[in-house]
Amino acid sequence: MSGEVVQIDQRKANLEAITRLGFAAYPNKFDTTHSVSQLVDGHSAKSKEDLEATRIDTVTAGRIVSVRSFGKASFLVLSDGRSRLQVYVRQDALSERDYQLSKLLDIGDQIGVTGHLFRTKTNELSIWASSLQFLAKCFLPLPEKWHGLQDVEIRYRQRYLDLIVNPDVRRVFEIRTGTVSAIREFLTSHGFLEVETPMMQKIAGGALARPFVTHHNALDMQLYLRIAPELYLKRLTVGGVERVFEINRNFRNEGISTQHNPEFTMLEFYWAYVDYQRLMSFTEELLSKVATQVIGTTSFPFGEHTIDMSAPFKRVSLRHAAAEEASKRLGVPVSVDELRSLDSAKALAGKLGVEIPKGAGPGKIASAIFESLWEEHLIQPTFVYDFPTEVSPLSKQRPDDPDTVERFELYIGGFEVANAFSELNDPVEQRRRFEEQLSQFAAGDQEAHAMDEDYVRALEYGMPPAGGEGIGIDRLVMLLSNSLSIRDVILFPLMRPRADEA
RNA sequence: GGGCGGGUAGCUCAGUGGUAGAGCAGGAGCCUUUUAAGCUUCUGGCCGUGGGUUCGAUCCCCACCCCGCUCACCA
């Protein structure tokens, strides 16, 4: 028999013995006066004398995460998932039945404890237990107390174990929740209305990406999981919702990496009557406020870097930055105009060794060159602005330059965190852009945008000029929590099934 | 999808072409203020899966599965 099976049998036998003492195997409830965290937060500053002068009685509950036993006395460490508190159990302080129970407890069991707070000889805040309640059995042995759970595969597949034994994991997900709350508060306080738009869409629009396909049986209809909420949120601006946002999941049927998960959370907001310039300053304000609120500072470590998220952020124009860096690499002057014609842009990409997708026009080549030369070096928050129209089918052109749209992407930590633009609200131009996308699709670009007739019709009713922005929540949380993989900020990242699960 | 690395006890990790190792966890014993408690002792393994080479494979070779990193793609 394997060691694990032996332990399971022993723990089952312990549970039987516990029920023979008269405890329910799975009691339905246990009334507490405090959580472990409340006790730790509220009393960890109190001295031994404080606790002796004013006795604090408590009833609490949690999971036993370690045991140090001395025969007729033992120390249990109780965790409520966030904090840990020691419980001192001694025979002469308990009823015989509760003392017998204490001998049958295993690491991982859930228990309730009644007692009062004190400090031990080594000054550790503890509960002096006067009675115990059995709450649930842990049959499987927990990972090791000292090294915790290291195997990332098990950490992701069995996140509950990760949360039990690796306390820092809880912190990351508290940062995640705090970030979402802070953003919500910020936008709401600026008059934005939070909404929910369809996740199942007849046309997967609003971004350039390959969608997941699904099917509705009763309607016998093919549907896509959304790749972005964009077109629905803009329909709402047509409907008069001048400030609107949504924080929700998007789904993209593409590769997985440390920065990409097939489902990811995005904030999108739309703001009538402003342009992308206003969005830049708004983004600076939003991010520095969120960082301060969630982690208490705008300056924080990320991998080997220290990121400074205080305003203002750096700003670089895409074509200018690409030309400048290309010139540096090649040792010859490179003009912005070379990025505007197909032949010269192609030649430049060739000289730089930048691969370009087939059928790409000068705009796509210019942005490919930019990403290849710059992306990983953009560690400090940087707005990259003024994108080629060709790669931005939903953005509004600059009045002085139809080849360029009023769009920016925000890079932090070497990856894209936000994407924003002055929204295209001219239905004729929008239809032309969709048709251009259709021809790119025909040329083999599977990520080209589909035609959305209803969206064009909505624009025909008149959409106010507006700025719109998407912020990748997972990536923002990676930065704030110093997590180098997106899977570390997603509770249950997508994993291939294992053979023994199939 | 390509390249590199990994998969050995419940967990963290060593290791070898010839009976499989440690620490933690677990069992038994001692122990009523410990802090990775301690001491004695014991248990626990399809060495990822399937082929091959070999007298003999956990180790060498091939294929496959899963994970990580990276490149490609994307946000």
Side-chain angles (χ1 to χ4, degrees), chain A residues 1-11 13-14 48 65-77 84 86-94 99 106-108 118-124 126 128 138-158 161 164-166 206-210 227-228 250-268 355 357 368 371-372 375-376 409-411 415-419 445-447 470-476 478 484-487 493 495-502:
Chain A
M1 258 200 309
S2 75
E4 189 177 26
V5 172
V6 170
Q7 288 199 41
I8 292 169
D9 287 348
Q10 284 161 354
R11 285 163 181 246
N14 285 344
K48 190 182 189 83
V65 291
S66 83
V67 176
R68 291 178 291 276
S69 171
F70 293 80
K72 296 185 179 64
S74 53
F75 297 92
L76 314 177
V77 178
R84 295 179 170 198
Q86 178 169 273
V87 176
Y88 182 47
V89 171
R90 44 186 288 162
Q91 184 174 26
D92 56 17
L94 293 174
Y99 177 67
D106 291 293
I107 290 176
F118 76 110
R119 283 192 183 274
T120 62
K121 278 180 186 164
T122 51
N123 209 35
E124 171 110 6
S126 309
W128 185 289
C138 175
F139 292 117
L140 299 166
L142 290 182
E144 204 210 334
K145 61 183 173 186
W146 185 242
H147 297 93
L149 184 61
Q150 300 295 325
D151 184 325
V152 290
E153 183 171 356
I154 302 177
R155 289 186 45 224
Y156 297 154
R157 286 187 197 276
Q158 295 176 268
L161 281 182
I164 291 169
V165 300
N166 296 334
L208 307 178
R210 296 171 67 180
I227 56 174
N250 290 340
F251 307 86
R252 299 190 184 173
N253 205 340
E254 289 166 348
I256 295 176
S257 78
T258 48
Q259 278 136 50
H260 301 83
N261 195 64
E263 53 179 304
F264 63 102
T265 300
M266 183 118 126
L267 157 70
E268 281 201 15
E355 271 188 60
E371 280 172 24
S372 142
E375 184 161 0
E376 60 185 305
E409 288 183 347
L410 172 62
Y411 284 84
F415 50 77
E416 184 188 335
V417 172
N419 179 19
D445 183 353
Q446 289 184 284
E447 284 159 11
I471 295 180
I473 300 298
D474 313 84
R475 289 182 176 181
L476 180 57
M478 284 170 67
L484 299 182
S485 169
I486 198 168
R487 291 182 203 93
M495 304 284 275
R496 272 204 172 84
R498 290 163 63 124
D500 55 14
E501 290 171 355

How would you label the contact of A:Asn14 with the nucleic acid (heavy atoms, under 4.0 Å): base, sugar-phosphate, or nothing? nothing
Rounded to the nearest Å, what distance is computed from the CD1 atom of residue A:Ile164 to the C1' atom of nucleotide B:G10? 13 Å
With a 4.5 Å cut-off on side-chain heavy atoms, are A:Asn250 and A:Ile227 touching? no
With a non-hydrogen cut-off below 4.0 angstrom, is A:Tyr99 in contact with a base, only sugar-phosphate, or nothing? nothing
Among the nucleotides B:C31, B:C66, B:U34, which one has an atom lying closest to any side-chain atom of A:Gln86? B:U34
Side chain proximity check, A:Pro493 to A:Ile486, heavy atoms < 4.5 angstrom: no
Base, sugar-phosphate, or nothing: which does A:Gly470 touch, judged by heavy atoms less than 4.0 Å apart? nothing
How close or far is atom P of B:A75 from atom CG of A:Leu267, stated in whole angstroms? 17 Å
Under 4.0 Å, counting only non-hydrogen atoms across every strand here, what does A:Asp92 touch: a base, just sugar-phosphate, or nothing? base
Quote, to the nearest angstrom, the P distance that separates B:G6 from B:A14. 11 Å
Pairs under 3.5 angstrom, nitrogen or oxygen only, protein versus nucleotides 21-25 of chain B, please.
{"unit_1": "B:G23", "atom_1": "N2", "unit_2": "A:Glu144", "atom_2": "OE1", "d": "3.3"}
{"unit_1": "B:A25", "atom_1": "OP1", "unit_2": "A:Lys145", "atom_2": "NZ", "d": "2.9"}
{"unit_1": "B:A25", "atom_1": "N3", "unit_2": "A:Gln7", "atom_2": "NE2", "d": "3.3"}

Under 5.5 Å centre to centre and under 30° between planes: does that hold for A:Phe75 and the six-membered base ring of B:U34? yes
Look at the side chain of A:Glu254 and the backbone N and O of A:Arg210, then say whether any donor-acceptor pair between them is shorter than 3.5 Å. yes
So A:Met478 and A:Thr258, do their side chains get closer than 4.5 Å, heavy atoms only? no
Sticking with atom P, work out how far B:C47 lies from B:G10, rounded to a whole angstrom. 12 Å
Taking B:C46 as the reference, what is the distance to B:C64 when you measure between their P atoms (whole Å, please)? 26 Å
Round to a whole Å and report the spacing from CD of A:Glu4 to P of B:G26. 14 Å
Hey, does A:Arg119 reach any base, or is it just sugar-phosphate, or nothing, if we go heavy atoms under 4.0 Å? nothing
Which dot-bracket notation, 5' to 3', represents the base pairing of RNA chain B when pairs are defined as Watson-Crick or G-U with both distances under 3.5 Å, crossing pairs as [ ], and inter-strand pairs as |? (((((((..((((....[..)))).(((((.......))))).....(((((..]....))))))))))))....
So which pairs with a foot in residues 141-152 of chain A pass salt bridge (charged side-chain N to carboxylate O under 4.0 Å, His left out), sequence neighbours left out? none
Expressed as a whole number of Å, how far does the P atom of B:U43 sit from that of B:U49? 25 Å
Integer angstrom distance from the C1' of B:A72 to that of B:C13: 35 Å
Using the aromatic ring of A:Phe264 (for Trp, its six-membered ring), decide whether it stacks on the base of B:A75 within the limits of 5.5 Å and 30°. yes
Is the shortest heavy-atom distance from the side chain of A:Cys138 to the side chain of A:Asp106 under 4.5 Å? no
Parallel, tilted or perpendicular: rings of A:Tyr88 and A:Phe118 (30°, 60°): tilted
Looking at every strand, decide which applies to A:Ile154 at a 4.0 Å heavy-atom threshold: base, sugar-phosphate, or nothing. sugar-phosphate
Select base, sugar-phosphate, or nothing to describe what A:Glu416 touches, counting heavy atoms under 4.0 Å on all strands. sugar-phosphate
Nearest whole Å is fine: how far is B:G27 P from A:Ile8 CD1? 14 Å
Test of understanding: with side-chain contact (heavy atoms from CB on, under 4.5 Å), list the residues that count as partners of A:Gln7, not counting sequence neighbours. A:Gln10, A:Arg11, A:Pro141
Nucleotide of B:C67, B:A75, B:U32 approaching A:Glu153 most closely (side-chain heavy atoms): B:C67
Looking at side-chain heavy atoms only, is the closest gap between A:Glu416 and A:Gln259 below 4.5 Å? no
Give a yes/no answer on whether the side chain of A:Arg68 brings an N or O atom under 4.0 Å of OP1 or OP2 in B:A37. yes
With a non-hydrogen cut-off below 4.0 angstrom, is A:Leu208 in contact with a base, only sugar-phosphate, or nothing? sugar-phosphate
Show the distances under 3.5 angstrom between N or O atoms of the protein and N or O atoms of nucleotides 69-73 of chain B.
{"unit_1": "B:C69", "atom_1": "OP2", "unit_2": "A:Arg487", "atom_2": "NH1", "d": "3.2"}
{"unit_1": "B:C73", "atom_1": "O2'", "unit_2": "A:Glu447", "atom_2": "OE2", "d": "3.4"}

For A:Ser74, give me all partners under side-chain contact (heavy atoms from CB on, under 4.5 Å), at least two apart in sequence or on another chain. A:Ser69, A:Leu76, A:Val89
Looking for any heavy atom pair under 4.0 Å, which part of the strands does A:Met495 touch: base, sugar-phosphate only, or nothing? sugar-phosphate
